[in-house]
Undergrad: 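Here it is, the structure, as structure tokens.
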Amino acid sequence: MIELNFTEKQTKNVSFTCKIKRTLHTEKSSFQEIAVLETIEFGKMLVLDGTVQTTIEDEFVYHEMITHVPLYTHAEPKRILVIGGGDGGTIKEILKHPTVESVELVEIDERVVQVSKKYLPEISYALNDPRVKINIRDGIEHIKNINTKYDIIIIDSTDPIGPAEGLFTYDFYSNINKKLTDTGILIAQTESPFFNKELIKNVFKNISSIFPIAKLYLANIPTYPSGLWSFTIGSKKYDPTVVNISAKYDINSKYYTKKIHNSCFVLPEFVKELLI
Ligand code: AG3
């Protein structure tokens with residue numbers, strides 16, 4: 001029997017391999033190499049430039065955690081902007097919140113949206129919701145040029161190499177700060193505390209120098225490098241660790257719970273050390 005495998009080289013010295021049934025799609029867009037694979041353990045998997053973005057089996061951890069922590073922290077999230085996230089997984093979680101009136105997705109690569117719509121409807125279905133506006137544009141340019149303000153801005157980016165590099169910079173966060181309302185919240189995916197220590201340190205330093213409240217939280221995502229993943233919040237008013245969420249509406253989720261909202265901010269010592 002022929003055995004097919006996909007391998008992501010997570011670092012120079014560590015690789016992640018999983019057995020696949022077949023390749024559903026590959027192409028080279030103007031920005032990156034896009035692939036959809038059918039894996040045995042994780043179901044369909046979206047791969048950009050050789051790195052795992054999301055899979056049917058574990059997408060819920062990342063998409064719930066990048067969304068529900070900031071949206072439950074805010075008293076009344078109405079207008080949301082997602083930068084990146086062309087697969088639509090974050091959008092599907094945002095729309096579970098009854099206060100949300102509009103969501104804008106700013107994705108640089110139109111092909112990621114189209115491929116996700118075609119091959120990953122389980123994740124991308126909410127992209128067709130009437131509350132969602134899709135803008136195919138560079139997030140950095142968008143943030144500089146818009147006149148609207150948002151309650152929450154979510155940076156659902158790829159790794160800080162290639163098209164997403166500029167999405168991890170001081171200037172970008174500071175421009176985002178200007179496009180948030182007075183009670184606004186920024187949330188960014190910030191990689192692995194095992195493999196991206198310098199990045200986490202820098203991002204946290206930058207976000208804490210721009211926002212009065214900065215916090216980092218963790219979740220377990222099996223298909224991402226090291227499995228332990230971080231998210232960083234910058235908030236103008238609401239502190240995600242003290243807000244009383246127990247009184248709030250309930251939503252359907254598989255990873256996020258109100259208890260996890262509080263516990264995800266409890267950090268191991270080696271992670272805490274990155275934040276000083
Ligand atoms: N964005 C974060 C993916 C980072 C994974 N890194 C890696 N495999 N080296 C996910 C986008 C999902 N909407």
Side-chain angles (χ1 to χ4, degrees), residues 6-18 31-37 39 41-70 80-95 103 105-109 111-117 119-127 132 134 139 153-168 187-197 199-200 203 217-232 255-256:
F6 160 74
T7 297
E8 174 182 338
K9 205 160 178 277
Q10 296 183 330
T11 74
K12 222 165 59 192
N13 310 305
V14 176
S15 289
F16 169 77
T17 298
C18 57
F31 297 95
Q32 55 209 337
E33 202 181 307
I34 305 174
V36 183
L37 311 173
T39 74
E41 255 359 293
F42 298 104
K44 286 177 287 179
M45 171 187 272
L46 175 68
V47 179
L48 297 179
D49 279 344
T51 63
V52 179
Q53 296 304 308
T54 196
T55 78
I56 296 293
E57 290 302 321
D58 74 348
E59 62 83 20
F60 67 94
V61 185
Y62 177 91
H63 293 128
E64 289 181 14
M65 290 302 279
I66 201 169
T67 301
H68 302 319
V69 174
I80 321 289
L81 171 66
V82 179
I83 295 166
D87 53 76
T90 298
I91 304 279
K92 114 179 121 58
E93 297 304 319
I94 292 171
L95 293 178
V103 191
L105 178 81
V106 173
E107 163 65 55
I108 198 166
D109 192 345
R111 292 299 304 153
V112 172
V113 175
Q114 288 165 346
V115 166
S116 303
K117 279 190 174 173
Y119 294 98
L120 301 163
E122 304 88 336
I123 296 175
S124 65
Y125 63 88
L127 291 171
V132 178
I134 301 176
I153 299 180
I154 300 179
I155 311 177
D156 183 5
S157 71
T158 53
D159 293 343
I161 341 159
E165 210 177 328
L167 304 181
F168 291 84
I187 170 79
Q189 77 84 2
T190 46
E191 309 279 314
S192 157
F194 281 102
F195 296 144
N196 310 90
K197 291 194 171 55
L199 176 97
I200 290 177
V203 167
Y217 61 93
L218 300 172
N220 269 85
I221 305 169
T223 58
Y224 287 178
S226 89
L228 187 67
W229 210 248
S230 75
F231 300 87
T232 306
Y255 187 95
Y256 179 89

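Predicted model, so just to flag it, every value in this text is computed and none were measured. Numbering of ligands and ligand atoms starts at 1, following listing order. In this chain, residues are counted from 1 in sequence order.
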Undergrad: Test your reading of the model: is there a side-chain donor-acceptor pair from Tyr217 to the backbone of Met65, 3.5 Å cut-off?
TA: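 Checked: pair present.
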Undergrad: Please confirm whether the backbone N or O of Leu48 pairs with a side-chain atom of Thr51, one donor and one acceptor, at under 3.5 Å?
TA: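 Yes, because the side chain of Thr51 sits within donor-acceptor range (under 3.5 Å) of the backbone of Leu48.
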Undergrad: Hey, can you tell me if Tyr224 and Tyr62 have their rings parallel, tilted or perpendicular (30° and 60° cut-offs)?
TA: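 Rings of Tyr224 and Tyr62: perpendicular, as their planes differ by over 60°.
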Undergrad: Give every residue pair that meets the salt bridge (charged side-chain N to carboxylate O under 4.0 Å, His left out) criterion with at least one member in residues 43-56, sequence neighbours excluded.
TA: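 Listed once each, the pairs are Lys44-Glu122.
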Undergrad: Would you tell me whether Glu64 and His68 have side-chain atoms, one donor and one acceptor, within less than 3.5 Å of each other?
TA: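 Looking only at side-chain atoms, His68 and Glu64 do not form any donor-acceptor pair under 3.5 Å.
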Undergrad: Does a side chain donor of either Asp109 or Gln32 reach within less than 3.5 Å of an acceptor in the other side chain?
TA: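 The criterion, which ignores hydrogens and geometry beyond distance, is satisfied for Gln32 and Asp109.
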Undergrad: Between ligand 1 and the protein, find all N/O pairs closer than 3.5 Å and give the distance for each.
TA:
residue  : atom   : partner : partner atom : Å
ligand 1 : 1 (N)  : Gln53   : OE1          : 3.4
ligand 1 : 1 (N)  : Tyr62   : OH           : 3.3
ligand 1 : 1 (N)  : Ser157  : O            : 2.8
ligand 1 : 6 (N)  : Asp159  : OD1          : 2.9
ligand 1 : 6 (N)  : Asp159  : OD2          : 3.4
ligand 1 : 8 (N)  : Glu8    : OE1          : 3.1
ligand 1 : 8 (N)  : Glu8    : OE2          : 3.2
ligand 1 : 8 (N)  : Val52   : N            : 3.4
ligand 1 : 8 (N)  : Val52   : O            : 2.9
ligand 1 : 9 (N)  : Glu8    : OE2          : 2.7
ligand 1 : 9 (N)  : Asp159  : OD2          : 2.8
ligand 1 : 13 (N) : His63   : NE2          : 2.8
ligand 1 : 13 (N) : Asp87   : OD1          : 3.1
ligand 1 : 13 (N) : Asp87   : OD2          : 2.6
ligand 1 : 13 (N) : Asp156  : OD1          : 3.2
ligand 1 : 13 (N) : Asp156  : OD2          : 3.0

